[in-house]
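Report on the structure given below.
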Amino acid sequence: MNESNNERVVTRFAPSPTGFMHVGGVRTALFAWLFARKNGGKFILRIEDTDKKREVEGSIDHIIKSLKWVGLDWDEGPDVGGPNGPYIQSQRSESHLKYAQILIDKALAYAYPSPDEELEAFRKKAEIEKRPFLYRDHRPENPPVWDGTKPLRFKVPEIKTYEWFDLVRGNLSAGPEALDDFVLIKSDGYPTYNFAHIVDDLDMGVTHIFRTDEFISSTPKYLSLYEALEIQRPHIAILPPIMGDDKKKKLGKRDGAKDALDYKAEGYLPEALVNFLAFIGWNPGDEREIFTLAELVDAFSIDHIHKSGGIFNVEKLDWVNKEHIKRLNQAEQFILVQQFMPESVTNLDNYNLNILED
Ligand code: GLU
């Protein structure tokens, strides 16, 4: 079944370069990639780097290396280009400004003039009166013309509960608590993720977004922007969280989850890692457990993504890795093992091979 209702599927992985590529990120990329490949669609890599304070040097490179190592490829992206570039969010300001202007023209965005001290006073007052501080309670009556030096805020048109259909979880809703006049473009000139990803997904023709559940509470913000811009939103598929072995909290480094390339250094096979990650929150609907990437594409379906969290179990990873190693032929096994052996062992010159000759 084509779960895309016959539209050309376009998915994306849109990491922020705020650290190295954690296995959780690989799992998100994998599901978006599998869905695109299964449906003959496109998979885009976009780097969301507009939070300059949090950017970590070297992370774009690490993200690209990690994705390549596990065998994912992309049809458009910062390194391969494509018709909808640039694929680095901070370089897309022309488009962000175009949509910001549309909102300004509709009186749905305004420059926020209040200096920090004034805001602080508003905040203190709200605290004393035991009510939440809301920017929308302090909209300027005559906002100055936006010249880029002040934050541009979205004037949320309606405070309401949003209901939407999620491809994995079904009907979801989130309420007014998420809706305040949030920033579209910061005073440093960069757009916020909340705004930029809406514009970029639109420009890139993204049809399906795969992301984890921490984005559910912000979804009313996104929905209010789609409405204000009068654009059709992509389908959303919320992936289940990855839980640590204790099944209680989300996966962290203490649970043995590392950066993707650490697994490479430790001798895990990339096919084993993706096979293992695919099963965190998905199953093929039958008893099979060992899959190549191509077999995963074949078996993948959103219908079999779970709603509740999947466990990151290192023992299971080791077992999956062992099964994949067993599938290698002898030469492949030798190459794998070779990298962990001292050169004195693997250098054939160190052996008297004459004895093998007649
Ligand atoms: N840049 C966001 C992140 O890395 C992308 C989230 C999304 O829209 O899927 O969390």
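First listed ligand is number 1; within each ligand, the first listed atom is number 1.
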**OP:** Can you pull out the closest protein heavy atom to atom 7 (C) of ligand 1? Residue, atom name and distance to 0.1 Å, please.
**Re:** Tyr193 OH, 3.1 Å
Original post:
Nearest protein heavy-atom contact for atom 5 (C) of ligand 1: which residue, which atom, what distance?
Top reply: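 For atom 5 (C) of ligand 1, the nearest protein heavy atom is Ala14 O, 3.1 Å.
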**OP:** Report yes or no: does Phe215 have a heavy atom closer than 4.0 Å to ligand 1?
**Re:** yes
Subject >> Where Leu328 and Leu269 come nearest, the two heavy atoms and their spacing >> reply: CD1-CD1, 4.0 Å
Original post:
Shared ILVMFWY cluster between Phe35 and Val70, side chains joined below 4.5 angstrom?
Top reply: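 Hydrophobic grouping puts Phe35 with Val70.
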**OP:** Using the rule that two of Ile, Leu, Val, Met, Phe, Trp, Tyr join whenever any of their side-chain heavy atoms come within less than 4.5 Å, decide whether Tyr99 and Tyr110 are in one cluster.
**Re:**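 The answer is no; the residues belong to distinct hydrophobic clusters.
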**OP:** Determine, using ring centers only, whether Tyr135 and Phe182 are less than 6.0 Å apart.
**Re:** no
**OP:** Report, as yes or no, whether the 6.0 Å neighbourhood of atom CD on Gln330 holds more than 12 heavy atoms from other residues, nucleotides or ligands.
**Re:** no
Original post:
Taking the six-membered ring of Tyr112, is NZ or CZ of Arg153 closer than 6.0 Å to its centre and within 45° of its axis?
Top reply: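 Yes.
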Subject >> Atom indices of ligand 1, in the order listed, that fall short of 4.0 Å to a heavy atom of Glu48 >> reply: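 Listed by number with element: 1 (N), 2 (C), 5 (C).
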Original post:
Just which atoms of ligand 1 are under 4.0 Å from any heavy atom in Arg211?
Top reply: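 Atoms satisfying the 4.0 Å criterion: 7 (C), 8 (O), 9 (O).
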Original post:
Side chain or backbone of Ser16 under 4.0 Å from ligand 1, or both, or neither, by non-hydrogen atoms?
Top reply: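 The part of Ser16 near ligand 1 is both the backbone and the side chain.
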Subject >> Side chain, backbone, both or neither: the part of Arg12 lying under 4.0 Å from ligand 1 by heavy atom >> reply: side chain
